[in-house]
Colleague: 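Okay, handing you the structure first.
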Amino acid sequence: MTDTLASIDIRELVEACATMISAHADELTALDQAIGDGDHGYNMRRGFDALLAEADALAAKPLPDALKAAGTKLVMTVGGASGPLFGTFLMALGKDMPASPDRSAFAAAFARAVDAVAARGKSEAGQKTMLDVLYPARDALAAGRSAAEIAAVADAAAEATVPMKALRGRASFLGDRSIGHMDPGSRSSALLVRTVAETLGA
Ligand code: ADP
Ligand code: MG
């Protein structure tokens, strides 16, 4: 990622995220079928398609307002546990984001948005949730890693949820039977981290 992110293209980001989620919706659903109720891919595709439908309106807003509006939209359209959590992430990101952030302002806002997800979900690292990708992504971003490195960290972090036992969300109902499967929200988070990192540039 470059030091200055002044040229954030909201439309490009929305399109890239929606394309990524759509391309992996079946995979996300299969992951959720293994340890949840099998709706994660559909939920996420519905939400990101809704963002895509509003891409023009979002792109017309200053970045903080666009993030808050996108977060509100995700809460309304994704549903499940993940909708309010991803929505909280974007709303918190918008709250702390300057209109033209440099890298350190972006990283600081990202860190506070991850904390907002943890507060909303009453969850922490190590519980086999999206936080197990968001925290390492936060750290890679803060450490000045390149987009490719941040994406690799996020992929590895999602992979690292496989041996974990779920302690939050629907998968926690399975107890030990949640072990051996990747957390769906970690996978979707890794896909989105990769997309945003690559779109904002190395
Ligand atoms: P639901 O579980 O309601 O069907 P989804 O399938 O859309 O919702 O999303 C499930 C994902 O949400 C999980 O894989 C996990 O990553 C995330 N999740 C669930 N509960 C929490 C929580 N309390 N904190 C953080 N993430 C959570
Ligand atoms: Mg589900």
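Each ligand, and each atom within it, is numbered from 1 in the order the structure gives. This is a predicted model, so every value here is computed, not measured. One is the number of the first residue; the rest follow in order along the sequence. For the numbers below, each heavy atom of this structure counts, side chains included, while hydrogens, waters and symmetry mates do not.
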Colleague: Judged on heavy-atom distance to atom 7 (O) of ligand 1, which of A158, G80, G83, S82 sits nearest?
Modeller: S82
Colleague: With heavy-atom distances below 4.0 Å as the criterion, list the atoms of ligand 1 near D39.
Modeller: 4 (O), 5 (P), 6 (O)
Colleague: R187 versus L28: any side-chain heavy-atom pair under 4.5 Å?
Modeller: yes
Colleague: What do you reckon, does G36 put a non-hydrogen atom under 4.0 Å from ligand 1?
Modeller: no
Colleague: In the protein, which heavy atom is nearest to atom 15 (C) of ligand 1, and how far is it?
Modeller: D183 OD1, 3.5 Å
Colleague: Considering heavy atoms of the protein only, find what lies nearest to atom 20 (N) of ligand 1 and give residue, atom and distance to 0.1 Å.
Modeller: G169 CA, 3.5 Å
Colleague: Can you list every salt bridge (Lys or Arg N to Asp or Glu O under 4.0 Å) pair that touches residues 104-133, not counting sequence neighbours?
Modeller: D96-R112
Colleague: Is there a donor-acceptor contact under 3.5 Å linking the side chains of H40 and S188?
Modeller: yes
Colleague: Ring centroid separation for F110 and F89, is it under 6.0 angstrom?
Modeller: yes
Colleague: Distance-only, no hydrogens or angles: does the T161 side chain make a donor-acceptor pair with backbone N or O of D183 under 3.5 Å?
Modeller: yes
Colleague: Where is the nearest protein heavy atom to atom 23 (N) of ligand 1: which residue, which atom, and how far?
Modeller: G121 O, 2.9 Å
Colleague: Could you see if V153 belongs to whatever hydrophobic cluster contains M182? Use Ile, Leu, Val, Met, Phe, Trp, Tyr and a side-chain cutoff under 4.5 Å.
Modeller: no
Colleague: Counting C-beta onward and ignoring hydrogens, is there a side-chain heavy-atom pair between D155 and R194 closer than 4.5 Å?
Modeller: yes
Colleague: Quick check against the 3.5 Å criterion: does T29 have a side-chain atom that pairs as donor or acceptor with the backbone of G41?
Modeller: yes
Colleague: Indicate, with yes or no, if L93 and L85 share a hydrophobic cluster defined by side-chain heavy-atom contacts under 4.5 Å among Ile, Leu, Val, Met, Phe, Trp and Tyr.
Modeller: yes
Colleague: Using a 4.0 Å cut-off to any heavy atom of G185, which atoms of ligand 1 qualify?
Modeller: 13 (C), 14 (O), 16 (O)
Colleague: Regarding atom 19 (C) of ligand 1: of the candidates S189, A166, A81, which has the closest heavy atom?
Modeller: A81
Colleague: Where does L85 meet ligand 1, judged by heavy-atom distances below 4.0 Å: at the side chain, the backbone, both, or neither?
Modeller: side chain
Colleague: Give the single entry among D32, T129, D37, T88 that approaches atom 26 (N) of ligand 1 most closely by any heavy atom.
Modeller: T129
Colleague: Nearest heavy atom to atom 10 (C) of ligand 1: which of R170, H40, R120, M182 does it belong to?
Modeller: H40
Colleague: Are M91 and M130 linked, directly or through other ILVMFWY residues, by side chains that come within less than 4.5 angstrom of each other?
Modeller: no
Colleague: Run the numbers for me: atoms of ligand 1, each under 4.0 Å from some heavy atom of P184, listed by number.
Modeller: 14 (O)
Colleague: No waters, cut-off 2.8 Å: how many protein N, O or S atoms are close to the Mg ion (ligand 2)?
Modeller: 3
Colleague: For the residue pair V75 and F86, establish whether any side-chain heavy-atom pair is separated by less than 4.5 Å.
Modeller: no
Colleague: Is the closest side-chain heavy-atom distance between L74 and F48 below 4.5 Å?
Modeller: yes
Colleague: Using heavy-atom distances, let me know which of M130, K128, K122 sits nearest atom 17 (C) of ligand 1.
Modeller: M130
Colleague: Should L200 and L191 be regarded as members of a common hydrophobic cluster, given that ILVMFWY residues are connected when their side-chain heavy atoms come within less than 4.5 Å of each other, either directly or indirectly?
Modeller: yes
Colleague: Would you mind checking which non-hydrogen protein atom is closest to atom 25 (C) of ligand 1, with the distance to 0.1 Å?
Modeller: S123 OG, 3.4 Å
